[in-house]
Engineer: 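Can you read through this structure? Questions will come right after.
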Amino acid sequence: MAKDNPRARRLGEQIQRELTELLRRNVKDDRIGNVTITAVAVTGDLRTAKVFYLVFGKQGADPKVQKGLESAAGFLRNALSKSLMIRYTPTLSFELDTSIEHGVRLTQLIDSVTKPQAPAGASPTAGPTPTEPAEDDEGHVVDEGDYIPVSVPKPRDETE
């Protein structure tokens with residue numbers, strides 16, 4: 001996997017930059033439109049590259065865009081071989097990037113679990129208000145969310 005192989009990771013980054021320019025300037029297929037290359041995962045043997053993309057302004061998969069990218073794969077691979085100067089140019093496969101949608105869904109699930117459920121008839125603003133961050137003995141600011149400061153007894157003077 002590219003995470004374990006620094007060369008594969010660097011090659012993936014270079015392919016991403018080159019593909020972005022090629023799609024923007026050289027590919028004239030109307031099916032592709034506004035495609036953003038979000039990531040490229042290159043296998044450890046540097047023979048296969050999975051290209052992740054998003055379509056600007058569209059939700060979900062668009063089969064026309066996928067077909068357009070697949071039909072341009074040969075042209076893109078040929079153009080990459082001229083610019084990358086490597087022995088074997090990876091075979092390109094295209095996949096819709098769902099990581100952003102997945103992240104949004106996870107955030108919504110986490111928010112739904114962490115929000116306190118208000119009882120029926122209670123106002124959503126009722127309850128204790130958060131206090132200002134407290135300072136500990138050494139002057140460091142401590143912020144632990146709904147932190148309620150506890151009064152600390154003063155040290156006794158030994159002269160008493």
Side-chain angles (χ1 to χ4, degrees), residues 1-80 83-84 86 89-135 140-149:
M1 182 66 50
K3 294 176 188 172
D4 300 337
N5 187 344
R7 184 166 182 215
R9 182 183 48 78
R10 286 193 314 267
L11 181 61
E13 291 169 357
Q14 184 65 29
I15 289 173
Q16 181 179 355
R17 285 190 292 272
E18 294 289 331
L19 283 178
T20 300
E21 286 300 313
L22 287 169
L23 286 172
R24 191 167 59 97
R25 295 178 185 222
N26 298 349
V27 176
K28 305 296 183 204
D29 194 342
D30 291 334
R31 295 176 292 181
I32 294 174
N34 291 327
V35 172
T36 302
I37 305 298
T38 57
V40 177
V42 180
T43 57
D45 63 357
L46 308 178
R47 298 289 180 117
T48 306
K50 187 181 290 188
V51 180
F52 295 95
Y53 69 93
L54 285 176
V55 181
F56 182 71
K58 296 202 179 199
Q59 295 290 332
D62 188 359
K64 291 190 300 185
V65 173
Q66 181 72 28
K67 292 287 184 190
L69 288 170
E70 288 172 0
S71 70
F75 167 76
L76 294 171
R77 184 175 183 210
N78 185 25
L80 283 175
S83 64
L84 290 180
I86 56 176
T89 305
T91 303
L92 303 176
S93 63
F94 294 93
E95 186 174 318
L96 183 67
D97 189 1
T98 58
S99 63
I100 293 175
E101 295 163 356
H102 185 70
V104 168
R105 176 70 180 139
L106 285 177
T107 303
Q108 290 172 346
L109 289 173
I110 291 169
D111 287 345
S112 69
V113 170
T114 58
K115 282 185 182 177
Q117 299 295 328
S123 68
T125 58
T129 59
T131 60
E132 293 295 318
E135 288 191 21
H140 296 107
V141 176
V142 177
D143 184 9
E144 297 178 359
D146 294 335
Y147 177 75
I148 300 173

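Because only heavy atoms are used, hydrogens play no part in the values below, and waters and symmetry mates are left out as well, while side chains stay in.
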Engineer: Would you check, one step at a time, whether the test side-chain contact (heavy atoms from CB on, under 4.5 Å) holds for Tyr53 with Leu19?
Structural biologist: CA-CA 11 Å; Tyr53 69 93; Leu19 283 178; over 6 Å; no
Engineer: Would a 4.5 Å heavy-atom cut-off, applied to side chains only, mark Leu11 and Pro90 as touching?
Structural biologist: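 They are in contact (side-chain heavy atoms under 4.5 Å apart), so the answer is yes.
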Engineer: Roughly how far apart are Phe52 CZ and Thr36 OG1, rounded to 0.5 Å?
Structural biologist: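 Phe52 CZ to Thr36 OG1: 15.0 Å, rounded to 0.5 Å.
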Engineer: Once rounded to the nearest 0.5 Å, what's the spacing between atom CD of Glu101 and atom CG of Leu106?
Structural biologist: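 If I round to the nearest 0.5 Å, the distance is 12.0 Å.
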Engineer: Step through the shown structure and confirm whether more than 12 heavy atoms of other residues, nucleotides or ligands are within 6.0 Å of CG on Asp45.
Structural biologist: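 Yes, the 6.0 Å shell around CG holds more than 12 heavy atoms from other groups.
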Engineer: Could you tell me the separation between the CD1 atom of Ile15 and the NZ atom of Lys50, rounded to the nearest 0.5 Å?
Structural biologist: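 Rounded to the nearest 0.5 Å, the CD1-NZ separation comes to 14.0 Å.
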Engineer: For Glu70, which residues count as a salt bridge (Lys or Arg N to Asp or Glu O under 4.0 Å) partner, sequence neighbours excluded?
Structural biologist: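 Per chain and number, Glu70 pairs via salt bridge (Lys or Arg N to Asp or Glu O under 4.0 Å) with no residue.
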Engineer: Evaluate the side-chain proximity of Lys67 to Lys64: yes if any heavy-atom separation is below 4.5 Å, no if none is.
Structural biologist: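 No - every pair of side-chain heavy atoms lies 4.5 Å or more apart.
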Engineer: Quick one: salt bridge (Lys or Arg N to Asp or Glu O under 4.0 Å) partners of Arg31, sequence neighbours excluded?
Structural biologist: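 Arg31 satisfies salt bridge (Lys or Arg N to Asp or Glu O under 4.0 Å) with Asp29 once adjacent residues are dropped.
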Engineer: Could you grab the distance from atom CG of Leu54 to atom CG of Leu96, nearest 0.5 Å is fine?
Structural biologist: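 If I round to the nearest 0.5 Å, the distance is 6.5 Å.
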Engineer: Run the numbers on Glu18 and Leu84 for side-chain contact (heavy atoms from CB on, under 4.5 Å), then give the verdict.
Structural biologist: CA-CA 9 Å; Glu18 294 289 331; Leu84 290 180; 4.2 Å; yes
Engineer: side-chain contact (heavy atoms from CB on, under 4.5 Å) between Leu76 and Leu23: does it pass, once the steps are laid out?
Structural biologist: CA-CA 8 Å; Leu76 294 171; Leu23 286 172; 4.1 Å; yes
Engineer: Any side-chain heavy-atom pair from Val27 and Phe75 closer than 4.5 angstrom?
Structural biologist: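 Val27 vs Phe75: side chains touch.
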Engineer: Determine, stepwise, if the pair Arg7 / Leu46 fulfils side-chain contact (heavy atoms from CB on, under 4.5 Å).
Structural biologist: CA-CA 9 Å; Arg7 184 166 182 215; Leu46 308 178; 3.7 Å; yes
Engineer: Sequence neighbours excluded, which residues qualify as side-chain hydrogen bond (donor to acceptor under 3.5 Å, both in side chains) partners of Thr48?
Structural biologist: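 side-chain hydrogen bond (donor to acceptor under 3.5 Å, both in side chains) list for Thr48, sorted by chain: empty.
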Engineer: Can you pull the salt bridge (charged side-chain N to carboxylate O under 4.0 Å, His left out) pairs that have at least one residue in residues 19-28, sequence neighbours excluded?
Structural biologist: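 For residues 19-28, and leaving out neighbouring residues, the salt bridge (charged side-chain N to carboxylate O under 4.0 Å, His left out) pairs sorted by first residue read Glu21-Arg24, Glu21-Arg25.
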Engineer: Tell me whether Asn5 contacts the main-chain N or O of Gly44 through its side chain, where contact means a donor paired with an acceptor under 3.5 Å.
Structural biologist: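 Looks like yes, one N/O pair under 3.5 Å.
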Engineer: Find out whether Val40 and Glu13 are in side-chain contact, i.e. whether some heavy atom of one side chain is under 4.5 Å from a heavy atom of the other.
Structural biologist: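 Side chain of Val40 against side chain of Glu13, heavy atoms only: no contact under 4.5 Å found.
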Engineer: With Arg105, which residues qualify under side-chain hydrogen bond (donor to acceptor under 3.5 Å, both in side chains), at least two apart?
Structural biologist: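 Residues passing side-chain hydrogen bond (donor to acceptor under 3.5 Å, both in side chains) with Arg105: none at all.
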Engineer: Tell me, please, which residues at least two apart from Asp62 pass side-chain hydrogen bond (donor to acceptor under 3.5 Å, both in side chains).
Structural biologist: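 With neighbours one apart ignored, the set is Lys58.
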Engineer: Any donor and acceptor pair, going by atom type alone, linking the side chain of Arg77 with main-chain N or O of Leu92 inside 3.5 Å?
Structural biologist: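 A pair under 3.5 Å: no.
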Engineer: Side-chain contact test, heavy atoms from C-beta onward, threshold under 4.5 Å: evaluate it for Leu69 versus Ile32 and give yes or no.
Structural biologist: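 Result yes, sub-4.5 Å side-chain heavy-atom pair found.
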Engineer: First locate atom CD1 of Ile86, then atom CG of Leu80, and finally report the distance between them rounded to the nearest 0.5 Å.
Structural biologist: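 It comes to 8.0 Å.
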